[in-house]
2 protein chains.
Amino acid sequence: MARSDQRPVTVHMIAEHVGVSASAVSTVLSDRHEERRLAPATVEKIRKAVRDLGYVPNVAARRLRAQDPEVHHIELGILTSFEAPLFLVSRVLRQVQRMADARTGPGRNFSVSIAMFHAGRLREMAGLLDASRFNGVVITNTLPDDDTFLAATTLPYAVVVLGRRLPNYCCVLDTPGESGRRAAEILLGRGCRRPVVLTPALLTQSTVDRADAFCATVRSQTGAEPARIVAAGFTPTNGAEALRTHLGAGRGCDGLYAVTDGLALGAYQAIKHAGRKIPQDVAVVGVGDHEQVDFFDPPLTCVGPSNETIVELIVTQLFDLMNRRRVKPVETFVPPSLVMRASA
Amino acid sequence: MARSDQRPVTVHMIAEHVGVSASAVSTVLSDRHEERRLAPATVEKIRKAVRDLGYVPNVAARRLRAQDPEVHHIELGILTSFEAPLFLVSRVLRQVQRMADARTGPGRNFSVSIAMFHAGRLREMAGLLDASRFNGVVITNTLPDDDTFLAATTLPYAVVVLGRRLPNYCCVLDTPGESGRRAAEILLGRGCRRPVVLTPALLTQSTVDRADAFCATVRSQTGAEPARIVAAGFTPTNGAEALRTHLGAGRGCDGLYAVTDGLALGAYQAIKHAGRKIPQDVAVVGVGDHEQVDFFDPPLTCVGPSNETIVELIVTQLFDLMNRRRVKPVETFVPPSLVMRASA
DNA sequence: AAAGATTGCTAAATCGTTTTAGTGACAAGC
DNA sequence: GCTTGTCACTAAAACGATTTAGCAATCTTT
């Protein structure tokens, strides 16, 4: 890394510093000085300058130069926030890679990577606006601030948004209102009298939609507003703490809807610690955004996005956009799938 | 995407096709044709050609051009296999980002991303050898084939290897032999008579080390070789199946060491289904590579890499290498940490 | 002493894109 | 008829690296 506050050091600067040509420097940098017969003394001088000046190569320049002009290099990215769980993201990644692998040949080459932004600060991600980083991206786990930013810009490349609705973007998400409604129906259907919804403090489009639909359904069927428990974050620890507080305060709960499975996992612990049984004393419904709901104890009943379908749709749309087989943005709603397991 | 088997379409090719200059094409591509007053008819012709030829911009070229020459752009990557769990990777990522954020200023800019390779096929990752993708990387979750590949090459940039030993690389890992030994001691210390080790079929350096040390310790303390259960993969499903088979065959087990926590989670289910209690009937020890071991039921006792320490060390070393504050590769061993929870 | 080989280096082209400065052609105004 | 202005576009440089071809100078060989 260069000494601070300086212009980045380039091969030319090193060359000038040593008093040789840029070619000589490049030769040394790529360890070709033997075959190209640079004098050992020169090599040493260059090496020293490289160290002293703190040279860091410019990867964009290297890449441009190194690319075989006969082959396409296509960069795909999955953009998610640091704070969000990686389960769905890694499924998307695997699917993107699968489709990329199928299309990779002698003339075409894909790189797929995950890039993360601080929740609410997507706008700060370098290379997003000037299209200098990706040929196509899947964006997910945005907060309202990010959504506002996206809505106000048109990114000039293939973009598919996962799990939220944004005007002028291709979006794939579970049908609004459905998940929450069906979760409420499941709990009420089992005879729950005191249904509760557990949400994180920072709400995304999907979590707010689930919570609202749940509450609306409970209200319309029972006339009473369900309790809302707000956890500090998305993690099991947050969920456990929130539920512990709720139960500790003696406020009842015989049916719990967690808008993200991490919270449900935490809730499990708090419920069991309180000496209650799942599902007999408290039935729990999650959404299926955790990799291991089958291994929760008891396995978590989920009603939420059908991940397989969503991932497939999203990746297909991404490739269609890049192929220009699709040009107009579409919203695709995937009806939530219900997997009855043992928790409700 | 271009029609297959063709040279990639460039701005120049479009220009030639339409009969205008590259500048005109670029102007249209960046939607500046209004302010730069291109004739609407020309714009249309260019747009059509862009579509017809299937233009895909070259991001390397764009990036090179778009970069502000006053600022450093540093690319950091975390390289992991598709198959491996993302827990530790995401912790590394967050730590890298934290250090990067702390060093970001007007003259310096970091991009951090996760790139994945197919296990055993790291060598195929584009831009690794020619250093045209990253200024520095953390590599983890490699298989023996990948290790061989790495040992045979010197990557000309900052590389830190996580969780395995490789000659000529900076490596950070838990002290070889320790985890497995201590796991054995814990189980034997509780009086287990039939300790068992659960491993995936494809062994990485760390998993093989853990399993071997465990077996060696059991052998030396009891004279008998512990059973080895081999699961098809890393997942809870694999673990559950393997253990179900083992227990079903009537082969005993009163203490289980899982060399990766995903397997332990699966084992939990099989053990409970068999009507046994954890830890009374079967004590379980894991390694702490799962995010939510605290929320396993019962919480999983772990002896393994101290993630916090490892992540901190690895990221510090990465930045030291880039700063050239360190030049010689070092191996850093982190003694495993023991977290006693309820499973053993 | 001339021819050829070796040594040690450089100039210039190239990768694909964007931007800046500029250039004709034509119209309008005096 | 000359200036001024607008329109529609182009040439060329630049981003930072690598590589190819080539050029002097020195050393060997005959």
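Throughout, a chain's letter reflects where its sequence line sits, starting with A, and its residues are numbered from 1.
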Residue whose closest nucleotide on DNA chain D lies nearer the 5' end, Ser23(A) versus Pro69(B): Pro69(B)

Closest-nucleotide mapping onto DNA chain D: is Ala60(A) or Ser30(A) further toward the 5' terminus? I mean the 5' end. Ala60(A)

Would you call Arg121(B)-Asp101(A) a salt bridge at under 4.0 Å N-O? no

Check this for me: does any side-chain nitrogen of one of Asp68(A) and Arg63(A) sit under 4.0 Å from a carboxylate oxygen of the other? no

Using a heavy-atom cut-off of under 4.0 Å over every strand shown, decide if Thr42(B) touches base, sugar-phosphate, or nothing. sugar-phosphate

Mind checking Arg63(B) for me? I need base, sugar-phosphate or nothing, with any heavy atom below 4.0 Å counting as a touch. nothing

Would you kindly compare Thr27(B) and Arg36(A) by the position of their nearest DNA chain C nucleotide and give the one closer to the 5′ end? Arg36(A)

For chain A and DNA chain C, what are the first and last nucleotides along the strand, 5' to 3', with at least one atom under 4.0 angstrom from a heavy atom of the protein chain? dT7(C) to dG16(C)

Do Arg103(A) and Phe110(A) meet the cation-pi criteria used here (NZ or CZ under 6.0 Å from the six-membered ring centre, within 45° of the axis)? no

For the residue pair Gln97(B) and Arg94(B), confirm or rule out a side-chain donor-acceptor distance under 3.5 Å. no

Can Gln67(B) and Asn109(B) be counted as having a side-chain donor-acceptor contact under 3.5 angstrom? no

Just call it for Arg62(A): base, sugar-phosphate, or nothing, with non-hydrogen atoms closer than 4.0 Å on any strand. sugar-phosphate

So the contacted stretch of DNA chain D, first to last nucleotide with an atom under 4.0 Å from a non-hydrogen atom of chain A, runs from dG16(D) to dT20(D)

Is there a side-chain contact between Met116(B) and Leu93(A) in this structure, where contact means two heavy atoms from C-beta onward sitting under 4.5 Å apart? yes

State whether Arg133(A) and Glu75(A) are salt-bridged, where the test is any N-O pair (Lys NZ or Arg NE/NH1/NH2 against Asp/Glu carboxylate O) under 4.0 Å. no

Does Thr10(A) reach a base, just sugar-phosphate, or nothing at all? Heavy atoms under 4.0 Å. sugar-phosphate

Is Thr140(B) close to Val92(B) at the side-chain level, that is, under 4.5 Å between some pair of heavy atoms? no

